[in-house]
Amino acid sequence: MSSQPARELNQGEQAPTPLEVLQQVFGYSSFRGPQEAIVRHVVAGGSGLVLMPTGGGKSLCYQVPALCRPGVAVVVSPLIALMQDQVQALLQQGVRAAALHSGLSSEESAAAWRQLNAGLLDLLYVSPERLLNGDLLDRLAGLPGPEPIALFAIDEAHCVSQWGHDFRPEYIQLGVLAERFPTVPRLALTATADSRTRTEIVNRLALQQGQVFVASFDRPNIRYLLRHKDDARGQLLRFLEDHRGTSGIVYARSRSRVDRFAAELRAAGLNALAYHAGLEARERSGVLERFRRDSAVVVVATIAFGMGIDKPDVRFVAHVDLPKSLEAYYQETGRAGRDGLPAVAWMVHGPGDLPQLRRFIDNSEASAAQRQIEHAKLDALIGFSEAPGCRRQMLLQHFGEQLLEPCGNCDRCLEPQTLVDVSVPAQKLLSAAWRTGQRFGAAHLVDVLLGANTERIRQLGHDQLSVYGIGHDLDRGQWRTLVRQLCSLGYLQPVPEGRGGLCWGGEELVKPLLRGETRLELPLPPPAQQRLQAASRSSRSTEPGAGSRAADVDQSLLLSLKAWRREQAREQAVPPYVVFHDRTLEELAARRPRSQAELAGISGIGAAKLERYGDGLLAILRADDRAAASS
Ligand code: ADP
Ligand code: ZN
């Protein structure tokens, strides 16, 4: 791969401005959110902390200053696979980048050292161990020139936090950078935003004087769709039907469920791979590699699959089991749609998930106080899944941000539920709980109301009760929804230490309702029969695949461009998105540029890529024009 010293400045030449670098090197027209302020701050020599959601655009916050300031930018990153991707992507953009980590051959590291010593690098990626052990720091300090180091960037900076979910002891020692290189800007970056982690990063990396930059944590291109779980397997298969040909992640609770779901998806003809901590390291990295290289792979995984995925074209993240907190949910779903194109976060949830999660917390080694926190986190997640309002408003509110209007891109906004007067069914349900002795769970109460003829009901004599079989006004799914809603509103509550049993909640609520003095209106799903018909009518239109922009994109041209990209990626042994992101190909297929100048105006095509790929792209576009003209 050629690495022409495109960025070398001749004496007397002005350093490029951040905007020039953004446009000419990266091919983007403007900065996003707080990027511009951060870049200016660092170019002027400032240090700081950047909090930005996954996919928010953290990399450019240090890559642009690296090219505006003299010297090499040293980027500390914990994940070798990510470093390799970043270096490859930068080389494609004509930026002189290299990495030093334990995964390199001795020739490869020798080459990186030579470039570093000769002042031929704009960016050097290193693992924290590599930076701190051995003599790399001394060598950096001994580099010639007045300003040999442009900046230090500390990626995944939350790894410094012992409270966080991904503590790495080496990170703590990074505090030494402030002592040894007091005049070099240090930029810490993370997508984990809670205030304890934030404070810890600032303290440990000695960023007190630095600034904290917080981007919005909203991910507007992600559509949140939650569904009540009735048949997770069937629901998942139907969901995936609309996403064939794209990549995504399916999260499940346990290894055995991961294996089972993966096998079922394969049986349904999907390209599905299982990933969990029970697999051998080689097998795991093989799965990760296929996921990175291929644009139509579904990985079914436990939460072990997460760190290190910066694949930009993950089109969906599906949860068939509840995650353990809203933080976890947001992080896992955040892996979808990093490229900014439409993506879906889909989850089926139901009360059946809870007993096991609760037991898991209770049986953990954690202190009593910690276990209580875990239970509270789970409660917040359940509150989110049951609440009637806009999903995004609730999520952002949880993270301390306010969204003034409902988002229009979640199930609550897209599928408004009409309110139904449920006063009578609610009375029946409360009576059933009372008559059966206030100790049975939802499944049994619904069985009684629907007049189910089960062994258990006959044994308990519940078929003799006046409430037996009086509930045919609702179907099973509707009854389950009503139970959940009455629980979240406080009409019903769990029996203390009862296994899922329910008893009456506050008398001040229950009594007036039973006496008919208050009415209750709640959203209910349509009856199951109707739901099935509606689903088959609208399966393609409601669950978004490529999204609305797809309308202007010439699909056959897009396929040719993707085939061309696959070939380029294969020849150079890089993932396809290192060549071009989907977004760039879509823009090409929509705008059909016919000259080098027009190509340069496409997002994601900078000077180096224009030179390398421009003729190839124009040839494909011309061939497509000819084919269109002759047909
Ligand atoms: P993060 O590291 O925060 O998860 P990345 O730095 O990988 O996010 O950026 C996510 C995606 O957004 C990348 O594909 C990147 O090229 C793109 N991107 C970042 N900033 C811009 C911008 N100003 N204009 C257009 N695309 C951008
Ligand atoms: Zn919404």
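Just so you know, ligand 1 is whichever comes first in the structure, and atom 1 is the first atom listed for that ligand.
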Applying a strict 4.0 Å limit to heavy atoms, is [X] in contact with ligand 1?
X: Ala191; answer: no
X: Gly56; answer: yes
X: Thr54; answer: yes

Protein heavy-atom partner closest to [atom] - residue, atom, separation in Å:
atom: atom 4 (O) of ligand 1; answer: Gly55 N, 2.6 Å
atom: atom 20 (N) of ligand 1; answer: Gln35 NE2, 2.9 Å
atom: atom 8 (O) of ligand 1; answer: Gly57 N, 3.2 Å
atom: atom 11 (C) of ligand 1; answer: Arg338 O, 3.4 Å
atom: atom 15 (C) of ligand 1; answer: Tyr28 OH, 3.8 Å
atom: atom 12 (O) of ligand 1; answer: Arg32 NH1, 3.2 Å
atom: atom 14 (O) of ligand 1; answer: His581 CE1, 2.6 Å

Atoms in ligand 1 with a heavy atom of Phe31 nearer than 4.0 Å
23 (N)
Could you tell me which atoms of ligand 1, counted from 1 in the order shown, lie closer than 4.0 angstrom to a heavy atom of Ser30?
22 (C), 23 (N), 24 (N)
Heavy-atom contacts under 4.0 Å between [X] and ligand 1: side chain, backbone, both, or neither?
X: Arg583; result: neither
X: Pro53; result: backbone
X: Ser59; result: both

Does a side-chain heavy-atom distance below 4.5 Å link Ile154 with Tyr171?
yes
Looking at side-chain heavy atoms only, is the closest gap between Pro323 and Met347 below 4.5 Å?
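Pro323 reaches Met347 side chain to side chain.
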Where the Zn ion (ligand 2) is the vertex, angle from Cys410 SG to Cys413 SG to 10°
100°
Angle at the Zn ion (ligand 2): provide the value between SG of Cys390 and SG of Cys407, rounding to 10 degrees.
100°
How far apart are the closest heavy atoms of Val43 and Cys68, and which atoms are they?
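Shortest heavy-atom contact: CG2-CB, 3.9 Å.
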Using every non-hydrogen atom in the two residues, find where Met83 and Ser77 come nearest and quote the distance to one decimal.
CE-O, 3.1 Å
Would Glu586 and Arg583 satisfy salt bridge (charged side-chain N to carboxylate O under 4.0 Å, His left out), going step by step from the backbone distance to the final call?
CA-CA 5 Å; Glu586 287 186 12; Arg583 185 171 215 147; over 6 Å; no
Any idea how [X] and [Y] line up, ring-wise: parallel (<30°), tilted (30 to 60°), or perpendicular (>60°)?
X: Phe239; Y: Trp346; value: parallel
X: Phe384; Y: Tyr329; value: tilted
X: Tyr330; Y: Tyr224; value: parallel

Counting only nitrogen or oxygen atoms and a 3.5 angstrom limit, does Leu60 reach ligand 1?
no
If you measure every N/O of Lys58 against every N/O of ligand 1, is any gap under 3.5 Å?
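Between Lys58 and ligand 1, an N or O pair is found under 3.5 Å apart.
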Test log, rule salt bridge (charged side-chain N to carboxylate O under 4.0 Å, His left out), inputs Asp310 and Arg338
CA-CA 8 Å; Asp310 74 341; Arg338 273 172 179 255; 5.1 Å; no
Test side-chain hydrogen bond (donor to acceptor under 3.5 Å, both in side chains) applied to Asp85 and Tyr577, step by step:
CA-CA 9 Å; Asp85 271 11; Tyr577 54 82; 2.7 Å; yes
Just by distance, no angles: are the side chains of Tyr613 and Gln568 close enough, under 3.5 Å, to form a donor-acceptor pair?
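There is no such pair (donor and acceptor under 3.5 Å, judged by atom type) between the side chains of Tyr613 and Gln568.
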Stepwise, does the salt bridge (charged side-chain N to carboxylate O under 4.0 Å, His left out) test hold for Asp339 with Arg315?
CA-CA 9 Å; Asp339 53 10; Arg315 295 271 68 87; 2.9 Å; yes
